[in-house]
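Below is one structure; the comments refer to it alone.
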Amino acid sequence: MLRMSTLFLRTLREDPSDAEVPSHRLLVRGGYIRRAAPGGYTWLPLGWIVYRNVERVVREEMDKAGFQEVHFPALLPREPYEISGRWTDYGDGVFRLKDRKGNDFLLAPTHEEMFTLLVKDLYSSYKDLPLHIYQIQTKYRDEARPRAGLLRTREFVMKDSYSFDIDDAGLEKSYEQHRQAYISTFNRLGLPFVMVSAMSGAMGGSASEEFLAPIDVGEDTFVRCTNCDYAANTEAVQVRAPEAIQLDGLPAARIEDTPDTPTIETLVDVVNARADLRHPDRDWTAADTLKNLVVKLKHPDGTFSALAIGLPGDREVDLKRVEAQVGPAEVVAFEPADFAKNPALVKGYIGPGALGEHNASGIRYLVDPRVVEGTAWITGADQPGRHVINLTMGRDFTPDGVIEAAEIHGGDPCPKCGNALEIAKGIEIGHIFQLGRRYATALGLTVLDQNGKTQVVTMGSYGIGVSRAVAAIAETLLDEKGLCWPREISPADVHIVVTGKPSEPTGPAAEELALALETAGLRVMIDDRIGTSPGIKFNDAELLGVPTIVVVGKGLANGTIEVKDRKTGERTDVPVADAVEHLLQVCRT
RNA sequence: CGGGGUGUAGCGCAGCUUGGUAGCGCGCCACGUUCGGGACGUGGAGGCCCCGGGUUCGAAUCCCGGCACCCCGACCA
């Protein structure tokens with residue numbers, strides 16, 4: 001039984017000044033966590049109970065799915081990460097240290113290498129596969145900017161699993177098993193989530209999905225369809241290409257002088273204002289213009305290449321989307337010096353005439369999927385102060401390919417059903433990922449198949465942010481009064497508030513009830529503080545967020561207690577004699 | 001890493017412009033009153049004013065340099 005009179009807890013009346021995000025504010029105010037280090041939190045008794053409840057649910061669901069738990073050290077030597085290339089690839093993101101002999105160690109940011117090596121150590125036959133193993137471990141990442149309390153920390157707990165299969169079909173099955181296990185886990189945690197397609201990254205076109213808790217303070221932007229079940233990370237959205245248009249009979253392209261039109265806005269104003277340039281039936285808009293942007297790609301080997309991107313002028317380039325597609329290369333700015341080296345590029349008036357591997361600039365030219373055959377554009381004429389009108393794709397220019405580079409806007413059509421997409425924010429609470437053979441190849445994880453032939457094992461990697469889930473649950477369910485835990489996660493089933501003078505019978509009655517509830521199998525927290533005013537107790541109960549609040553007070557004179565639902569605020573007076581049965585029913589349904 | 005803000009008691013803050021005994025509210029301790037929505041009285045305890053230099057007879061306050069935290073951006077298997 002949790003007794004408020006002795007619990008190591010101090011609730012705060014006011015918001016801590018360093019907490020902005022609601023879950024962070026309330027977890028600190030409610031005495032669940034305290035900041036101990038930049039990006040590091042201490043769990044206080046109530047917080048630790050909640051954390052362990054989340055961990056237990058995750059563990060039970062993994063076990064139920066047939067996955068086996070192991071546990072690695074967090075402190076690891078450099079070598080395995082050296083072999084996989086991540087000792088350097090991880091850059092500043094990893095905490096490194098040396099032992100007394102000067103050998104390099106790291107605090108593991110993730111454990112792919114170790115799992116791979118462990119399986120290599122023990123298994124060597126296809127008969128041993130498939131295998132699913134997981135751990136619940138503290139991870140360390142040297143985040144540039146920890147923020148939002150538990151949502152982004154430098155030390156956090158993650159459940160990471162790995163699947164090992166002999167072939168792609170096996171991997172697909174393992175992936176699906178994990179997918180199902182994750183769905184039941186998050187459902188049981190009472191955590192609303194959206195599954196979005198994510199970029200599988202540079203290591204092969206395998207599937208990857210993120211589980212996002214849709215909360216405003218989340219760091220990930222995703223889209224979902226207002227009509228169908230489509231949802232995706234903005235990086236992964238595939239824009240729907242319009243139908244191609246017949247080229248026959250389309251107006252010819254013509255080059256026009258358009259002085260002083262350095263921006264899309266000024267260009268649109270000018271072509272609408274001039275009688276000789278007006279569209280025959282309507283006003284031109286920014287969407288009629290083709291904006292061309294040149295960037296540089298920095299490749300992992302340190303070399304650079306130029307890339308030109310063409311997209312409708314009413315769209316900005318979303319660098320995250322570009323990087324998701326050109327990865328592992330990084331996108332960097334095209335500088336004046338680069339322009340100087342390529343005289344075919346006329347700054348401000350770059351057009352498809354100069355772009356493309358076979359044109360003057362020799363720069364690879366990729367366009368937005370909306371730029372399909374037969375679409376006509378107002379775009380740069382590659383001469384200072386001049387634009388070309390009705391430059392038609394497929395007739396007047398042919399790009400080198402397509403790229404998803406444009407910003408996604410709310411209201412854009414869904415790639416699946418065509419209805420409007422909406423944009424939302426979420427926090428990543430899980431990620432499932434068909435990893436493939438990258439680590440198995442790098443670390444030499446092979447088994448013999450039926451024919452005695454060596455096969456590289458294919459892997460899946462699956463993560464749930466356990467400590468982050470605590471914050472995500474808090475963030476999703478809180479209200480203006482405080483936290484609202486789902487029952488299975490809550491530090492208790494019932495929070496008993498005792499009011500009245502110490503001389504009144506409410507104290508003993510509450511004690512009796514608490515004992516009876518505990519005997520009946522419920523987890524009980526009782527506010528047995530003497531001399532604390534009722535207002536404080538009510539407010540604390542609401543702040544702490546136990547799903548059922550029981551008040552033993554005034555009603556006792558009539559033989560009743562009050563049962564209150566934390567979330568809905570609904571109150572019921574219940575005869576003392578029926579209290580245990582009533583509460584059992586409330587708590588068990 | 002860039003931009004902005006803030007560091008004073010456990011928490012929230014004032015004091016800094018114009019240098020001179022470190023304050024307020026909450027919380028905490030003692031006694032008494034109060035007891036269903038953050039009660040009241042009286043008396044107390046609690047400080048490396050972020051750190052290091054400098055100016056000055058004297059620095060929370062002025063100057064220089066760090067550090068930390070928060071927000072926005074960049075980054076984030």
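Chain identifiers are assigned alphabetically (A, B, ...) following the order of the sequence lines, protein sequences preceding nucleic acid strands; residue numbering begins at 1 within each chain.
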Which one, [options], comes nearest to the side chain of [X]?
{"X": "A:Asp540", "options": "B:G38, B:G36, B:C11", "result": "B:G38"}
{"X": "A:Arg13", "options": "B:C11, B:G37, B:C26", "result": "B:C26"}
{"X": "A:Pro534", "options": "B:C35, B:G25, B:G38", "result": "B:C35"}
{"X": "A:Val551", "options": "B:C11, B:G27, B:G36", "result": "B:G36"}
{"X": "A:Glu14", "options": "B:G36, B:G25, B:A68", "result": "B:G25"}
{"X": "A:Arg34", "options": "B:C35, B:C11, B:G36", "result": "B:C11"}

Requested in this report: Check each of A:Val54, A:Leu477, A:Ile429 against A:Leu191 using the side chain to side chain contact (heavy atoms under 4.5 Å, CB included) test, and report the only one that passes.
Outcome: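 Only one of A:Val54, A:Leu477, A:Ile429 forms a side chain to side chain contact (heavy atoms under 4.5 Å, CB included) with A:Leu191, namely A:Ile429.
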Query raised in the report: Pick from A:Leu107, A:Asp160, A:Val157: which one makes a side chain to side chain contact (heavy atoms under 4.5 Å, CB included) with A:Lys139?
Result: A:Asp160
Whole angstrom value for the distance that separates [atom2] of [N] from [atom1] of [X]:
{"X": "A:Ile496", "N": "B:G36", "atom1": "CD1", "atom2": "P", "result": "18 Å"}
{"X": "A:Arg154", "N": "B:C69", "atom1": "CZ", "atom2": "C1'", "result": "12 Å"}
{"X": "A:His431", "N": "B:C76", "atom1": "NE2", "atom2": "C1'", "result": "13 Å"}
{"X": "A:Arg147", "N": "B:G5", "atom1": "CZ", "atom2": "P", "result": "20 Å"}
{"X": "A:Arg10", "N": "B:G38", "atom1": "CZ", "atom2": "P", "result": "20 Å"}
{"X": "A:Arg25", "N": "B:C11", "atom1": "CZ", "atom2": "P", "result": "18 Å"}
{"X": "A:Glu155", "N": "B:C76", "atom1": "CD", "atom2": "P", "result": "23 Å"}

Query - 5'-most by nearest nucleotide on RNA chain B - A:Ala19 or A:Ile536 - result: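 Checking each residue's closest nucleotide, the 5'-ward one belongs to A:Ile536.
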Query raised in the report: How do A:Glu20 and A:Gly500 order along RNA chain B: which one's closest nucleotide is nearer the 5' end?
Result: A:Gly500
Applying the Watson-Crick and G-U wobble criteria at under 3.5 Å, what pairs with [N]? Answer none if nothing qualifies.
{"N": "B:G20", "value": "B:C57"}
{"N": "B:A39", "value": "B:U33"}
{"N": "B:A45", "value": "none"}

Can you give the donor-acceptor pairs under 3.5 Å from side chains of residues 72-80 of chain A to other protein atoms, not counting sequence neighbours?
from, atom 1, to, atom 2, distance (Å)
A:Arg78, NE, A:Glu82, OE1, 2.5
A:Arg78, NH1, A:Asp104, OD2, 2.7
A:Arg78, NH2, A:Glu82, OE1, 2.9

Query raised in the report: Under 4.0 Å between a side-chain N or O of A:Ser533 and OP1 or OP2 of B:C35?
Result: no
Query raised in the report: Under 4.0 Å between a side-chain N or O of A:Ser17 and OP1 or OP2 of B:G12?
Result: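 Affirmative; the distance criterion is met.
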For the [atom1] atoms, the ones on [N] and on [M], what distance do you get once it is rounded to whole angstrom?
{"N": "B:C63", "M": "B:G44", "atom1": "P", "result": "39 Å"}
{"N": "B:G4", "M": "B:C11", "atom1": "P", "result": "28 Å"}
{"N": "B:G47", "M": "B:A14", "atom1": "C1'", "result": "16 Å"}
{"N": "B:G3", "M": "B:G41", "atom1": "P", "result": "50 Å"}
{"N": "B:G73", "M": "B:G58", "atom1": "P", "result": "48 Å"}

Requested in this report: Mark yes or no for a side-chain to base donor-acceptor pair under 3.5 Å between A:Glu542 and B:G38, with no hydrogen or angle criteria applied.
Outcome: no
Report task. Considering only NZ, NE, NH1 and NH2 on the basic side and carboxylate oxygens on the acidic side, decide whether A:Arg529 and A:Asp527 come within less than 4.0 Å. Result ->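 Yes, charged N to carboxylate O under 4.0 Å.
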